[in-house]
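Both backbone and side-chain heavy atoms feed into the values below; hydrogens, waters and symmetry mates do not.
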Amino acid sequence: MSKQVRVRFAPSPTGPLHIGGVRTALFNYLFAKKNNGVFFLRIEDTDQNRFVPGAEEYIMEALEWLGIAPDETIGKNEKFGPYKQSERKHLYKQYADELINSGNAYYAFDTAEALDFHRKQHEEQGKTFIYNHHNREKLDTSLVISALETAKRIAAGEDYVIRFKTPVNETLHLQDIIRGEVKFETNLLDDKVLFKSDGMPTYHLANIVDDHLMETSHVIRGEEWLPSMPLHVMLYQAFSWEAPEFAHLPLIMKPVGNGKLSKRDGDKMGFPVFPLNWSDPKSGETSSGYREKGFFPEAVVNFLALLGWNDGTEKELFSLEELEKAFDLSRVHKAGAKFDPEKNKWFNHQYLMKQNDADLAKAFISELEKKSISTALDVTKIVSLIKERANFVSEFWDLSDFFFVTPTSYDEKASKNWKEETPALMQELISVLSEITDFTSLNIETIVKNWMTKNEIGMGKVMQPFRLSLVGALKGPHLFDIVELIGKEETIKRIEKAIATL
């Protein structure tokens, strides 16, 4: 690559950032870092009708949280600013005019009603109405009215659009980094609107002009933009500009069945499809985010990186730094990548296991405070005992509630282990425990097991009722670790309660 790699993520602020958009941002970020390039964020807000307040800030916050913040964007290293299209509005008219002057575009004055009439007429004949070389010289365009008449109508304030004049009878052989050669017949393409009389460009013109002015070297975007590729390449040719290289990423598919992953899939199956919680300013509806669901940003990044890409090995766990070194567009698959919510949780579990116990304990203490539980117990030690069975910090309570609260009921199935001779054995156990001074897990276990061996008492006769007394069920970590943590007094109190209750 001779010129500097400059790639962009260019979302529209029309709502929360879908996980598919996050993956597009991530792949752009990784490609930039791998090639010592620049990753920049541009906000494409030319469609003011669809603008949603708060969406722009949401996008910025999501990328920050994931650790893939752009090198350049609004208010940050604005080398090619502004980075918001609505603030670049003054730039686009001159380029639309340039296309008119070079014969690559034309004015169209057709009203919405006239276009609707043509559509219906075509439908009645079983055809599809396409605005292109077939009819552009039969419609209300500057291709059939004089330059003077055109100028008069514009001066009179008549509504118009500027359309691209798609070449006729050409086959475009275009290169896509992921898909190889892609062919398009120009006769099947429509003459897209590039500019409107309200002074705003459409996505197509603004996107091309901005990518050129911001020196974008590679356009890495979702597969849904593949049909726009011929128009974009033809626009570069019309301006006599060098086009960037294109790479169209595979779609993220539903966990079951066909089709693109949607918010509805997440709602139905109980997993988020947005990086952060989003509250819709219009409907007030709140959608859950990965951050608020307790996912680690590193786990989300790792999971998304492997949706449609791998490094050619069986390796699954990558730090962001490792991804930056390993990432290569040539290893991105063409086929859609199926979203697996369970695998998503598995990744989070792997990253939870890597966390420092003291940090996890801090997060768990704040969960305990929400439940109005203050404790003198060693929460860091408790976390070390239970985290292997958790995917999220939010699951810690269900795995450890018995440490903090004496059981008020006992599992019915497990209670069958409470036999006629059990109360007497439990009373003996209390006597054994009362005599122990060094109340540490290993010492308690040694003394209790020696007592059972000496008196020829079967392991199950003591251990299961003992656990049931402390936990209320036959679950939890190593029994003697529980005993050490809750202490002698609480242990004896719980056994006495079980004797009285069961």
What pairs meet the side-chain hydrogen bond (donor to acceptor under 3.5 Å, both in side chains) rule with one or both residues in residues 10-27, with sequence neighbours excluded?
none
Under the rule for side chain to side chain contact (heavy atoms under 4.5 Å, CB included), what residues qualify as partners of I436, not counting sequence neighbours?
L433, F439, N443, I444, I447
Sorted by first residue and then second, give each salt bridge (Lys or Arg N to Asp or Glu O under 4.0 Å) pair with at least one member in residues 30-44; sequence neighbours left out.
K33-D71, R42-E44, R42-D210, R42-D211
Within residues 277-298 or reaching into it, pairs that qualify as ring-ring contact (aromatic ring centres under 6.0 Å, His included) - sequence neighbours excluded
Y58-W278, Y290-F295, F295-F392
Interatomic distance, CD@E324 vs OG@S319, rounded to 0.5 Å, equals 8.0 Å
Under 3.5 Å, side chain of H218 to main-chain N/O of R6, donor-acceptor pair present?
no
Taking every non-hydrogen atom, the tightest pair across I492 and S434:
CD1-OG, 3.5 Å
Using the test salt bridge (Lys or Arg N to Asp or Glu O under 4.0 Å), find all partners of R467 that sit at least two apart in sequence or belong to another chain.
none
List the steps and the verdict of ring pair (Phe, Tyr, Trp, His ring centres under 6.0 Å) for F327 and F31.
CA-CA 7 Å; F327 187 75; F31 184 76; 7.1 Å; no
Using salt bridge (Lys or Arg N to Asp or Glu O under 4.0 Å) as the criterion, list what pairs up with K315, not counting sequence neighbours.
E322
Is any side-chain heavy atom of L30 less than 4.5 Å from a side-chain heavy atom of L320?
yes
So among V38, V219, I220, which one has a side chain to side chain contact (heavy atoms under 4.5 Å, CB included) with R8?
V219
Identify, with sequence neighbours excluded, every residue that meets side chain to side chain donor-acceptor pair (under 3.5 Å) alongside T440.
D438
Considering only distance and modelled atom types, tabulate donor-acceptor pairs under 3.5 Å from the side chains of residues 254-261, sequence neighbours left out.
residue : atom : partner : partner atom : Å
K254    : NZ   : D265    : OD1          : 3.1
K254    : NZ   : D265    : OD2          : 3.2

Applied to residues 353-365, the side-chain hydrogen bond (donor to acceptor under 3.5 Å, both in side chains) test, sequence neighbours excluded, yields D357-K387
Would you give me the side-chain donor-acceptor pairs under 3.5 Å for residues 398-409, sequence neighbours excluded?
residue : atom : partner : partner atom : Å
S400    : OG   : F396    : O            : 2.8
T406    : OG1  : E490    : OE2          : 2.7

Sequence neighbours excluded - salt bridge (Lys or Arg N to Asp or Glu O under 4.0 Å) pairs with any residue from residues 278-290:
K263-E285
Least distance between heavy atoms, G67 atom then Y29 atom
O-OH, 3.8 Å
The criterion is side chain to side chain donor-acceptor pair (under 3.5 Å); which residues satisfy it with S469, sequence neighbours excluded?
none
Fit a plane to each ring of F339 and F303, take the angle between them on a 0 to 90° scale, and name the class: parallel (under 30°), tilted (30 to 60°) or perpendicular (over 60°).
perpendicular
Steps toward side-chain hydrogen bond (donor to acceptor under 3.5 Å, both in side chains) verdict (N310, R331):
CA-CA 6 Å; N310 66 48; R331 293 214 55 88; 3.0 Å; yes
Checking E292 side chain against N277 main chain: does a donor-acceptor pair fall under 3.5 Å?
yes
Give a yes or no answer on whether the side chain of D176 reaches the backbone of H248 with a donor-acceptor pair at less than 3.5 Å.
yes
Minimum heavy-atom distance between W65 and V300, given as atom pair plus value:
CH2-CG2, 4.1 Å
Donor-acceptor pair, distance only, cut-off 3.5 Å: does the side chain of N207 make one with the backbone of Y203?
no
Closest contact, heavy atoms only, G20 versus I252:
CA-CD1, 3.8 Å
